[in-house]
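Both ligands and their constituent atoms are indexed starting at 1 by order of listing.
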Amino acid sequence: MPKKLFIKTYGCQMNVYDSARMADVLAAKGYAACDAPEDADLVLINTCHIREKAADKLYSELGRLNALQRFRRAMGQDLRIAVAGCVAQAEGEEMQRRAPFVDVVVGPQAYHRLGDLIDALEKTNTKSVDTAFPSDSKFDALPAHTSSESSAFLTVQEGCDKFCTFCVVPYTRGAEYSRPLADVQAEAERLVELGAREITLLGQNVNAYHGERADGGRCSFGELVRRLAEIPSLRRIRYTTSHPLDMDADLIRAHAEVPALMPFIHLPVQSGSDRVLAAMNRRHSADDYRRVVDALRTARPDLALSGDFIVGFPGEDDDDFAATLRLVEDVGYANAYSFKYSPRAGTPAAERAQLGDEVKDERLAVLNAALAAQRRRFDEATVGRTIDVLLERPGRMPGQLAGRSPYMQAVHVDGPEDRLGTVAAVTIVSANPNSLTGRLA
Ligand code: SAH
Ligand code: SF4
Ligand code: F3S
């Protein structure tokens with residue numbers, strides 16, 4: 001009988017990709033996925049460190065798993081517990097001290113060795129912590145994909161050298177690294193063979209990609225997009241997350257010239273105030289960002305934007321916040337995210353004088369209202385239009401299919417299951433709070 005594996009994933013899309021790859025690694029060790037920790041022989045938690053108290057919340061979740069583990073052992077069975085991702089990276093050995101019942105701690109750059117770590121556990125009951133940044137690429141050691149959804153993730157770039165003063169990513173994911181072009185092409189082709197019609201290219205700074213070409217030269221992100229667009233049957237290419245500084249002319253041109261490149265970009269700016277942007281070490285001004293957005297919209301007039309904002313950064317005053325609201329009005333977002341600044345230990349901004357929670361909450365509410373209104377307007381503007389929808393999965397109601405518009409809106413339509421995995425023309429009939437309803441055109 002196959003052993004059962006339950007994976008719980010927190011954080012960004014890169015963690016979603018990593019979880020799928022860890023499932024592939026563990027499949028080779030005889031583990032099949034299951035839907036609940038209660039059914040599992042091995043529980044793997046893939047963690048995120050971006051939010052406040054991420055570690056504390058993880059330890060409480062581990063406490064509950066420990067109770068399940070003790071119950072199992074009392075019944076003469078077992079439960080193994082593994083922790084991966086960015087909290088694993090940040091905590092390392094500390095996790096063995098605070099949660100000694102955890103069997104394996106593995107960082108985001110070391111999980112290709114998870115198979116060996118599980119072997120050591122099963123054969124000699126050896127627990128391990130592996131949070132190294134090995135010099136060999138984990139991507140070379142990962143097994144090939146064995147299945148794919150119609151919309152797939154593909155990590156092409158990892159890590160970050162930008163060191164925004166609020167962010168833990170450069171510490172948990174390490175230095176910037178780009179996979180060679182040929183590797184990315186091979187993985188994309190494999191995913192398409194397995195049924196992917198949309199691929200989202202992932203990286204903490206995905207448009208900083210500069211992978212090696214076969215001729216030894218460097219391939220820019222714009223060129224990567226063009227090469228992948230040559231794959232027959234790949235209908236859609238997306239990418240996330242991009243940084244305004246790395247949005248070069250070639251990539252902007254690709255938005256005009258590559259039909260498969262979807263007209264929707266997640267382009268975080270964090271603040272509309274130059275003073276705050278400087279304190280964040282973003283290395284661009286609010287007007288630099290406006291210029292990038294204008295250039296993108298000139299290249300692709302129907303382009304829609306998403307973004308991330310932080311309110312209550314140390315030193316942010318009312319004028320700074322007003323500048324953020326102005327930027328939001330100028331850009332007009334389809335769907336953006338806002339966060340209350342939370343100090344992360346080890347980052348420079350955590351050492352500065354902090355704003356009170358009240359002012360942060362107030363600003364967050366104001367910004368959220370502005371972004372929600374923009375989102376509603378954007379969704380309502382699609383009503384009556386006929387747009388392409390990649391039909392990805394059965395909907396919640398019988399006879400219903402669910403998919404995504406070019407702008408990442410969730411769309412529900414009535415239609416036959418044999419349309420799944422295809423791009424269909426859909427006329428949007430109504431906009432609901434979290435999705436659109438349409439009919440096949
Ligand atoms: N690489 C991406 C973002 C990675 S983190 C980029 O450069 O834009 C995702 C988002 O979390 C960030 O865009 C930021 O808005 C938010 N974030 C990161 N650290 C934070 C912190 N300490 N407090 C509040 N929000 C934070
Ligand atoms: Fe974090 Fe800034 Fe790097 Fe994005 S660019 S991952 S926000 S340090
Ligand atoms: Fe979180 Fe790590 Fe992604 S901190 S956002 S899982 S890179």
Side-chain angles (χ1 to χ4, degrees), residues 8-19 22 45-55 57-58 83-91 106-109 111 131 153 155 157-177 201-209 239-247 265-272 276-277 279-284 289 292 305-314 316 324 333 336-352 354-355 357 360-361 363-364 367-368 371:
K8 182 147 183 195
T9 307
Y10 294 95
C12 60
Q13 287 100 329
M14 302 196 62
N15 263 13
V16 175
Y17 174 87
D18 292 343
S19 286
M22 288 190 277
I45 307 189
N46 194 9
T47 58
C48 171
H49 204 228
I50 211 86
R51 304 275 161 258
E52 204 170 1
K53 303 205 174 76
K57 285 181 190 149
L58 172 66
V83 179
C86 292
V87 182
Q89 187 66 40
E91 292 283 290
V106 67
Q109 303 308 339
Y111 68 73
T131 51
F153 288 140
T155 295
Q157 178 278 334
E158 283 200 290
C160 182
D161 297 337
K162 294 211 165 53
F163 291 92
C164 300
T165 54
F166 52 82
C167 184
V168 292
V169 169
Y171 311 95
T172 61
R173 292 272 173 168
E176 218 176 74
Y177 165 78
L201 305 173
L202 300 179
Q204 267 87 20
N205 269 292
V206 73
N207 56 341
Y209 175 87
Y239 58 92
T240 199
T241 293
S242 43
H243 194 290
L245 276 182
D246 296 312
M247 202 48 93
I265 307 181
H266 183 63
L267 192 63
V269 61
Q270 317 298 353
S271 170
V276 173
L277 287 169
M280 287 175 164
N281 190 33
R282 292 290 294 184
R283 293 185 282 168
H284 62 76
Y289 182 85
V292 168
L305 284 147
S306 165
D308 290 338
F309 293 89
I310 295 177
V311 299
F313 189 77
E316 182 188 72
T324 296
Y333 288 90
Y337 305 88
S338 46
F339 308 101
K340 249 194 317 186
Y341 171 71
S342 88
R344 316 301 294 117
T347 61
E351 313 296 320
R352 301 177 189 165
Q354 303 294 319
L355 300 194
D357 242 354
K360 286 189 197 175
D361 285 330
R363 288 178 190 163
L364 186 67
L367 179 57
N368 275 342
L371 293 173

Considering non-hydrogen atoms of the protein only, which is the closest contact for [atom], and what is the distance?
{"atom": "atom 4 (C) of ligand 1", "answer": "V169 CG2, 4.6 Å"}
{"atom": "atom 1 (Fe) of ligand 2", "answer": "C167 SG, 2.3 Å"}
{"atom": "atom 1 (N) of ligand 1", "answer": "Q204 O, 2.7 Å"}
{"atom": "atom 8 (S) of ligand 2", "answer": "C164 N, 3.3 Å"}
{"atom": "atom 18 (C) of ligand 1", "answer": "I50 CG1, 3.5 Å"}
{"atom": "atom 23 (N) of ligand 1", "answer": "S342 N, 3.0 Å"}
{"atom": "atom 14 (C) of ligand 1", "answer": "Q270 OE1, 3.4 Å"}
{"atom": "atom 13 (O) of ligand 1", "answer": "D308 OD2, 2.7 Å"}
{"atom": "atom 8 (O) of ligand 1", "answer": "P268 CG, 3.2 Å"}
{"atom": "atom 3 (Fe) of ligand 2", "answer": "C160 SG, 2.2 Å"}

Exercise: identify the closest heavy-atom pair between [X] and [Y]:
{"X": "R51", "Y": "S342", "result": "C-OG, 4.2 Å"}
{"X": "R173", "Y": "D18", "result": "NH1-OD2, 2.9 Å"}
{"X": "C167", "Y": "P170", "result": "O-CD, 3.7 Å"}

Have a look at ligand 2 and work out which part of [X], if any, has a heavy atom under 4.0 Å from it: side chain, backbone, both or neither.
{"X": "F166", "answer": "side chain"}
{"X": "T241", "answer": "neither"}
{"X": "P170", "answer": "side chain"}

Would you mind telling me if ligand 1 is within reach of the side chain of F166, the backbone, both or neither, using heavy atoms under 4.0 Å?
both
Counting only heavy atoms, which portion of K162 has something under 4.0 Å from ligand 1: side chain, backbone, both, or neither?
neither
I'd like to know if [X] contacts ligand 1, where contact means a heavy-atom distance under 4.0 Å to any ligand atom.
{"X": "T241", "result": "yes"}
{"X": "R51", "result": "yes"}
{"X": "R282", "result": "yes"}
{"X": "E52", "result": "no"}

With no hydrogens and no angle check, is any side-chain donor or acceptor of Q354 less than 3.5 Å from a backbone partner on A349?
yes
Candidates T324, V276, L367, L355 - the one meeting side chain to side chain contact (heavy atoms under 4.5 Å, CB included) with V311
L367
I'd like the contact residues of ligand 3, where contact means a heavy atom below 4.0 Å.
C12, N15, T47, C48, H49, I50, C86, R173, Q204
Please find out if less than 6.0 Å separates the ring center of F339 from that of F166.
no
By number and element, which atoms of ligand 2 are closer than 4.0 Å to a non-hydrogen atom of K162?
5 (S)
Can you find a pair of side-chain heavy atoms, one from L245 and one from R282, that are under 4.5 Å apart?
no
Look up atom [atom1] in [X] and atom [atom2] in [Y], then write down how far apart they are to the nearest 0.5 Å.
{"X": "T165", "Y": "R344", "atom1": "OG1", "atom2": "CZ", "value": "13.5 Å"}
{"X": "Q89", "Y": "Y171", "atom1": "CD", "atom2": "OH", "value": "14.0 Å"}
{"X": "H266", "Y": "Q13", "atom1": "NE2", "atom2": "CD", "value": "7.5 Å"}

Looking only at the side chains, is there a donor atom on one of S338 and N368 sitting less than 3.5 Å from an acceptor on the other?
yes
Taking only non-hydrogen atoms of R173, do any sit less than 4.0 angstrom from ligand 2?
no
Below 4.0 angstrom, counting only protein heavy atoms, does anything approach atom 26 (C) of ligand 1?
yes
Can you sort out which atoms of ligand 1 are near R344, meaning under 4.0 Å from one of its heavy atoms?
22 (N)
